[in-house]
Structures are given as structure tokens and as C-alpha cells.
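In what follows, chains are A, B, ... by sequence order, proteins preceding strands, each numbered from 1.
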Amino acid sequence: MKEEEIIAARRSESWREELRKSKKNKERTDIPRVHMNELDAIYRSHSRKEEVNLGLTAEQALLEAQRCLDCPNPACMTGCPVGINIPTFIKYIEIGKFLDAAKTLKETSALPAVCGRVCPQEKQCEAQCIHLKMKKEPVAVGYLERFAADYERESGQMAVPETAPANGTKIAVVGSGPAGLSFAGDMAKRGYDVTVFEALHEIGGVLKYGIPEFRLPNRIVDVEINILKQMGVKFLNNCIVGKTISYEDLHEDGFKGIFAASGAGLPNFMNIPGENLIGVMSSNEYLTRVNLMDAASPESDTPVLIGKRVAVIGGGNTAMDSVRTARRLGADRAIIVYRRSEEEMPARIEEVKHAKEEGIEFLTLHNPIEYLGDETGHVKQMRLQKMALGEPDASGRRRPVPIEGAIDAIEVDEVIVSVGVSPNPLIPSTFPGLEVSKWGTIVVNSDTMQSALPDVYAGGDIVRGGATVILAMGDGRKAAAAIDTALKG
Amino acid sequence: MNKIVSKEYFSPQVVKLEVEAPLIARSRKAGHFVIVKVGERGERIPLTIADANREIGTITLVIQAVGNSSKKICALNEGDYITDLVGPLGKATHIEKVGTVVCAGGGVGVAPLLPIVTAFHEAGNRVIVVLAARTKDLVILEDQMRANSDEVIVMTDDGSYGTKGLVTNGVESVIQREKVDLCVTIGPAIMMKFVSALTKKYNVPTVASLNTIMVDGTGMCGACRITVGGKTKFVCVDGPEFDAHQVDFDEMLMRLKAYN
């Protein structure tokens with residue numbers, strides 16, 4: 001059956017028909033969109049790990065689910081990179097079958113509790129919601145997704161997705177971030193013998209080292225990883241494909257297909273004077289120390305510098321994660337320094353809102369040009385070029401141009417550079433025959449995610465350069481379908 | 001989890017561990033390093049691989065107990081496990097026949113120098129090793145160096161063994177007596193800085209193997225960055241070996257104190 005037919009068949013189940021009839025659309029659209037319950041802003045700005053978003057109560061979820069019109073052509077699904085059957089899971093919530101809702105999510109998503117927290121739904125499923133056409137706020141698909149996934153986890157009755165009988169075909173996954181996990185889940189469902197190789201000591205990739213606990217607790221990630229383990233996926237940490245074992249080793253060990261999802265490894269710097277002073281570091285380093293190594297805990301052996309006046313350079317989600325972390329670790333001033341205006345910021349609106357509530361300062365239209373240090377080499381001041389917005393550039397955003405002679409200086413004792421990442425060169429440089437773009441990303445067929453090496457597929461940031469969790473997961477799903485077709489010949 | 005199969009004390013502060021790591025033993029080359037973490041709350045620290053045994057699947061690490069994390073590793077005993085061990089990392093030493101190679105090592109830097117000495121010697125070079133230590137008891141791996149090179153010059157600060165003087169005195173004595181085509185140096189940053197300054201004076205190409213602060217060791221964090229020839233480089237993926245004459249050792253020495 002085609003996807004449209006499956007959607008139609010499920011929509012025409014009698015319980016769905018009855019549910020639609022039980023309420024007029026007008027009644028549904030008149031219900032105001034639910035607000036996420038949040039931890040108090042002042043309290044949370046000093047609480048290192050507590051989650052900011054508290055989730056919906058069952059009452060809130062039941063009401064919000066009523067807002068969904070259960071459209072015949074659910075546009076929301078076209079906005080979901082992993083193709084979650086959104087109306088089905090929401091309607092299960094509406095009738096109180098929360099576990100069935102969670103099961104529906106897991107049909108196509110390996111990480112629903114993660115996606116419910118970190119997906120930019122406002123740009124994906126929710127951006128396609130019919131409510132927007134009626135000048136109403138979209139159904140809170142993301143909040144409902146999180147609700148169903150959390151409900152299932154807390155119920156103690158987590159369902160392990162069904163897997164096809166083992167087919168004995170070995171598949172290797174390079175990297176245990178969102179692309180790799182999504183791929184592993186889909187392949188395990190199809191009966192493959194999947195091994196995920198991870199370079200770090202922890203499984204989860206960017207979900208562990210990058211995204212802070214106040215947005216995505218590590219225990220939530222671990223629960224989702226455990227489900228994959230129960231589905232038969234094997235994880236091997238501390239193993240770097242391309243270093244510890246080679247492409248040839250994987251062949252010798254009988255792996256028939258490889259999915260490269262090694263992520264965006266290298267932090268970009270701006271190459272300005274003073275950038276190597278002590279106290280200036282990449283957001284990758286800062287967040288890895290705090291998140292993966294738990295460096296702010298007294299029990300951790302890993303050190304982290306605790307700044308009182310912290311500047312974070314950049315306007316993306318990683319910059320927001322860094323600046324909000326710095327605030328939580330005790331910064332009196334935690335400042336976002338961004339060369340464009342707030343309108344052009346790539347960070348999610350929710351992240352910017354949360355940051356502001358937590359007392360983060362926004363210094364937009366400023367660009368660092370130099371860092372000055374004290375006699376011990378610690379950064380003490382940054383010089384900033386004031387900017388104005390000019391004509392739109394290739395990205396469609398207005399280009400920031402320096403205002404001649406307008407230079408500010410501010411005192412800082414820590415600077416976190418969050419101006420993007422470049423792909424990890426390890427896989428491209430150790431897989432002979434792989435085609436690599438001038439940006440260092442692996443070139444793939446965008447329909448199948450297949451690389452120039454027939455048995456190597458790739459997805460996530462190693463292909464995209466720097467994108468989102470959900471796009472990486474979508475790549476994993478697409479690659480799994482393609483590799484399955486290819487192997488079945 | 002990697003089991004420690006043997007432990008030997010080179011001195012009260014310097015320990016040699018042989019650790020089970022069959023995959024790394026198979027894939028590592030001279031110059032590579034590993035990242036080691038001891039305990040669930042341990043720190044990830046880089047250690048250069050001193051030797052490996054492919055047959056029994058072990059690698060050799062030589063560690064000096066200086067900080068909290070290195071002390072933890074040195075406190076482990078035979079039969080204990082290293083919680084996390086990953087590698088081999090970095091680029092391998094570029095080995096070729098160049099003629100005469102002086103290998104200058106100080107402190108525990110002597111340990112990772114051994115595979116480089118051996119590899120250059122096997123490639124047909126005349127290899128002269130300069131081993132430096134504060135005092136006689138701290139001279140390590142002398143016999144192994146002798147077995148794999150053409151000559152070993154031992155320098156001690158206090159003159160208790162070999163010749164009294166610094167590593168640079170030993171290197172200079174060789175350069176003054178014969179043509180040296182390449183110098184390789186591993187040791188404390190301050191030592192490498194002075195070796196580099198000396199060989200620059202004599203125009204002897206020099207490679208230094210750097211050991212900086214790292215977290216992941218795979219290029220992800222940038223904690224290890226240094227300036228080489230005016231450009232920022234990551235020791236973990238661009239190194240650990242660099243043209244010593246291009247390295248900004250003063251900046252490196254400063255950055256090593258980031259968490260002191």
C-alpha cells in the first residue's frame with residue numbers, strides 16, 4: 001500500500017470517523033493553543049540541569065488534541081522529515097489512548113521523546129497546519145509528541161517496536177547521533193544485524209555532547225537508546241571507524257552496508273587576533289565539557305572555566321545553548337554577540353525567548369574583531385565592530401556591513417565561539433573513493449543517500465554540513481529504505 | 001574497558017603500562033596517540049603510544065604522575081581496567097630515509113620517541129638518540145634505544161650519569177660534529193622550544209610531537225589548538241607532529257596552563 005492509502009485507511013477506521021463527528025470543526029478551532037508549562041525563569045537561570053519545559057498535563061494534552069481537525073490530506077505529515085502519522089497519534093491522545101499514540105510515533109521515529117523536545121516544529125509539521133490558513137495558531141504537534149513519549153516512558157510500559165525475523169545481514173553505522181540512531185532503528189525493524197560504532201565513550205552523539213540537559217536530559221536519550229538495544233542494535237563505543245578499524249576491516253568482518261553519520265566535527269573559528277587566548281573556546285569544547293563530561297559537577301575530573309562575564313559569538317541554537325549554560329554556571333553577564341539583527345538569527349524563537357527570560361543580553365549588529373588578554377594569557381576584553389544591515393546576501397538575509405570607525409570594547413573573562421562547524425574529515429579522508437564536496441561534506445544521491453562508494457550511504461551533518469536533529473533522522477530513515485531495497489536486489 | 005596486563009615502575013612517578021587493546025595494537029603506527037579516561041567521572045587525556053604488540057594485542061603507555069588524572073592512571077595495577085581507551089589518534093610520523101636523524105627526548109617523552117627511533121632506524125637512517133633526564137634514576141628506556149639506534153647520548157642535569165648538561169647540549173654536540181638531516185623531539189613543551197630554537201640556528205629541519213590539552217581528540221572541540229606558521233592548527237587531527245620551527249611554543253606553554 002502507498003503511504004497515502006495507509007493514511008486514508010487509518011483515517012477511515014470507525015473510531016476516527018466517530019471522533020471527527022463528535023465535535024464540529026468550529027468548536028475545535030475555537031480552542032486556544034495550549035501553552036507549555038515552564039520552570040520559573042529566575043529559578044532556572046541558576047539551576048544547572050533542570051529541564052525548562054515541563055511538558056503538558058494529561059488534561060492539557062486531551063484538550064490540545066481536540067484542536068486537530070484530522071484533515072483528509074494531513075499537510076503536517078509532509079512537513080515531518082521522518083513521516084510520523086501525525087493525525088493518528090494526536091487522535092489517539094484525544095481518546096485517551098496515550099500508549100497507542102506513543103506506538104504510532106515509534107512506527108517511524110526512533111527518538112520521539114527527543115524530537116518532541118528539540119525539533120523546530122514551527123518550521124516543519126506545525127508550519128503546514130491547517131489552522132494557519134485560518135489565521136489561528138497551529139496545533140502544538142511537538143508538545144503532544146513529547147507528551148505521548150513521556151507518558152509511555154513514565155508508565156513503565158514502553159513498547160519495543162516489532163522487528164522482522166533476523167536476516168543475518170550485517171550493517172555498520174558510523175556515529176551514534178540522531179542520523180545513526182534513526183537509521184539503526186529502521187534497519188533493526190527490517191531484521192538486519194546492526195552495529196553502531198561510536199568514537200566517544202558515550203552513545204548519543206550531539207544529543208549527549210551538544211544539547212544541554214536543561215533542553216534534553218541525558219536520561220531521556222538513554223531510554224531511547226535502550227529501546228534500540230532491545231531491538232537488537234549493538235553499540236560499540238570508543239571505536240573510530242577510519243582509525244581503530246578501517247573501511248577494509250568492515251568488509252573483512254562481513255558488513256554488507258555502511259551508513260556514515262559521523263557528524264559535523266570541526267568547530268569554526270573567526271581567525272581574529274587573540275582567539276587562542278585562555279578563556280576563548282569553541283561552543284563544542286564548552287558544551288562537551290559541561291554536557292558530556294559534566295565538568296561543572298564537583299565530582300567530575302574534567303575542568304571548565306566558569307566565567308563571570310561571558311560573551312557567546314553567534315546567533316544559532318548552539319550559541320543559545322552555550323550562553324544559557326554560561327548563565328546557569330554563574331555568569332553575571334551572559335551576552336549573545338551577533339553580527340546581524342535579531343530578525344536574522346537562525347536560533348529557534350523559543351530558544352531566544354527562553355534566553356531573554358533568563359537574563360541573557362543580546363548585543364546584535366556587533367562583530368568581534370580582536371580579543372585582548374592579561375599578563376597570564378587570559379582573555380579580558382573584546383573589541384567589537386558595530387555593523388549595519390545592507391542588501392540581502394546569498395542566504396536571503398540582509399548582509400551585515402561594518403560601520404566605519406564604530407568600535408566598542410567590552411570586558412569579558414570567557415568567550416565562546418559558536419559560528420558553525422565543518423564536517424568531520426575522518427570518514428572522507430579514510431574511505432578511498434568517496435566523493436567529497438569543497439566544504440568537506442560527503443556527496444550523496446539525495447533520493448537514496450548513497451555515496452560514490454556503492455555500499456556506503458551517508459546522512460546528517462556529514463552530508464548537510466550543519467543542520468537539525470530531525471533532518472539528520474530523516475536522512476537515516478531514507479538511507480535505511482534505500483539500502484534495504486539495494487540489498488534485497 | 002581495557003585490562004592492564006602488566007605494570008612497571010620506571011621511577012616512583014613514571015609508570016609503564018601494557019594494556020589490552022587488540023584493535024589499536026593492529027592499526028597504530030609510530031607517532032599515534034590514544035585518549036584515556038579512568039573512572040566514570042574521569043577526564044579524557046591524551047597519551048602517546050610508546051609501543052604495541054600485535055600478536056598479543058597490547059599497547060604500551062608510559063605515564064608520569066603529574067596531575068590528578070595522570071595520578072589516577074598511575075595508581076592502577078596489573079589486572080585493573082582502564083574505563084575508556086580510544087585510538088589510534090592523530091597522524092602517524094612521516095618515516096622516510098633522509099640520512100642522519102637526531103631524536104631528542106626528555107622526561108616521559110622518551111617513551112613515545114622509541115617507536116619513532118625504531119621506525120627511522122628500520123628505514124635505513126643513521127639514528128642518534130639524545131636522552132635527557134634530571135638525574136640518573138630518571139633515565140628510561142636506554143637499553144631499548146641502544147638496541148634500535150646507532151648511538152645513544154645520555155644527558156643528565158646533575159651529571160650523575162652520561163654527560164652533565166641539557167638535551168640541547170647533546171643535540172648541539174652532534175650537529176657540530178656531523179651533518180644532521182632531521183631532528184625529532186618529544187618532551188616537555190619548554191624542552192622542545194629550546195631544541196627547536198637550537199636547530200633553527202643550524203637550519204636542521206625539526207619535528208616536534210606536541211602534547212596539549214584535549215577533550216575528544218578527534219577534532220571536535222578545538223581545545224588543543226596551537227599556532228603553526230601563523231595559522232591555527234588542531235594538534236589532535238593536524239598533528240601531533242609539526243614543523244617545530246613554525247610552532248608558537250610560547251602560546252602553547254601559555255595554553256597548557258589554562259586550568260592551572
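Remark: A:Thr302 OG1 to B:Lys37 NZ distance equals 8.5 Å, nearest 0.5 Å. One finds the CG atom of B:Leu85 at 11.5 Å from the SG atom of A:Cys239 (value rounded to the nearest 0.5 Å).
Without hydrogens or angle criteria, B:Arg255 side chain to A:Ile278 main chain gives no donor-acceptor distance under 3.5 Å. Listed for the A:Ser282 side chain is a donor-acceptor partner under 3.5 Å among the backbone atoms of B:Cys221. Using modelled atom types, one side-chain atom of A:Lys243 and one backbone atom of B:Gly90 make a donor-acceptor pair closer than 3.5 Å. Remark: the backbone N or O of A:Glu275 is paired with a side-chain donor or acceptor of B:Arg225 at under 3.5 angstrom.
The heavy-atom pair separating A:Ser297 from B:Arg41 by the smallest distance is CB-NH2, 3.6 Å.
Only the backbone of B:Ile226 comes within less than 4.5 Å of a heavy atom in chain A; its side chain stays farther off. Residue A:Val417 does not touch chain B at all, counting heavy-atom pairs closer than 4.5 Å. Contacts of A:Tyr286 with chain B are absent, with no heavy-atom separation under 4.5 Å from either backbone or side chain.
Checking each of A:Leu266, A:Thr288, A:Val206, A:Val421 against B:Met220 for a side-chain contact (heavy atoms from CB on, under 4.5 Å) leaves exactly one that passes, namely A:Thr288. Under the side-chain contact (heavy atoms from CB on, under 4.5 Å) test applied with B:Leu23, the options A:Thr244, A:Ile240, A:Asn238, A:Asp249 reduce to a single match, A:Thr244.
Interface summary for chain B: among A:Leu277, A:Leu287, A:Leu292, A:Leu426, the most heavy-atom pairs under 4.5 angstrom belong to A:Leu277. Interface check for chain A: of the options B:Gly217, B:Gly39, B:Gly87, the most heavy-atom pairs under 4.5 Å are formed by B:Gly87. Note on B:Val215, B:Asp248, B:Ile213: by heavy-atom pairs under 4.5 Å with chain A, the leading option is B:Val215. Each of B:Glu40, B:Arg28, B:Lys72 has some count of heavy-atom pairs under 4.5 Å with chain A, and the biggest count is that of B:Lys72.
At least one side-chain heavy atom of B:Arg44 sits under 4.5 Å from a side-chain heavy atom of A:Met293. Side-chain contact between A:Thr376 and B:Met254: absent, with no pair of heavy atoms (C-beta onward) separated by less than 4.5 Å. Residues B:Glu43 and A:Pro303 form a side-chain contact, since some pair of their non-hydrogen atoms from C-beta on lies under 4.5 Å apart.
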### Task
Could you please spell out the steps behind the side-chain contact (heavy atoms from CB on, under 4.5 Å) verdict for B:Ile35 and A:His201?
CA-CA 10 Å; B:Ile35 293 268; A:His201 57 275; over 6 Å; no
### Query
Hey, mind stepping through B:Thr232 and A:Asn271 against side-chain hydrogen bond (donor to acceptor under 3.5 Å, both in side chains) and telling me if it holds?
CA-CA 8 Å; B:Thr232 293; A:Asn271 299 312; 4.6 Å; no
### Query
For A:Asn237 and B:Asp84, what are the C-alpha separation, side-chain angles and deciding distance, and is it a side-chain contact (heavy atoms from CB on, under 4.5 Å)?
CA-CA 9 Å; A:Asn237 66 344; B:Asp84 295 285; 3.9 Å; yes
### Task
Take A:Tyr209 and B:Asp216, measure what side-chain contact (heavy atoms from CB on, under 4.5 Å) needs, and give me the verdict at the end.
CA-CA 10 Å; A:Tyr209 76 73; B:Asp216 66 290; over 6 Å; no
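Counted within 6.0 Å of NZ on A:Lys170, heavy atoms from surrounding residues, nucleotides or ligands total more than 12; the atom is thus considered enclosed.
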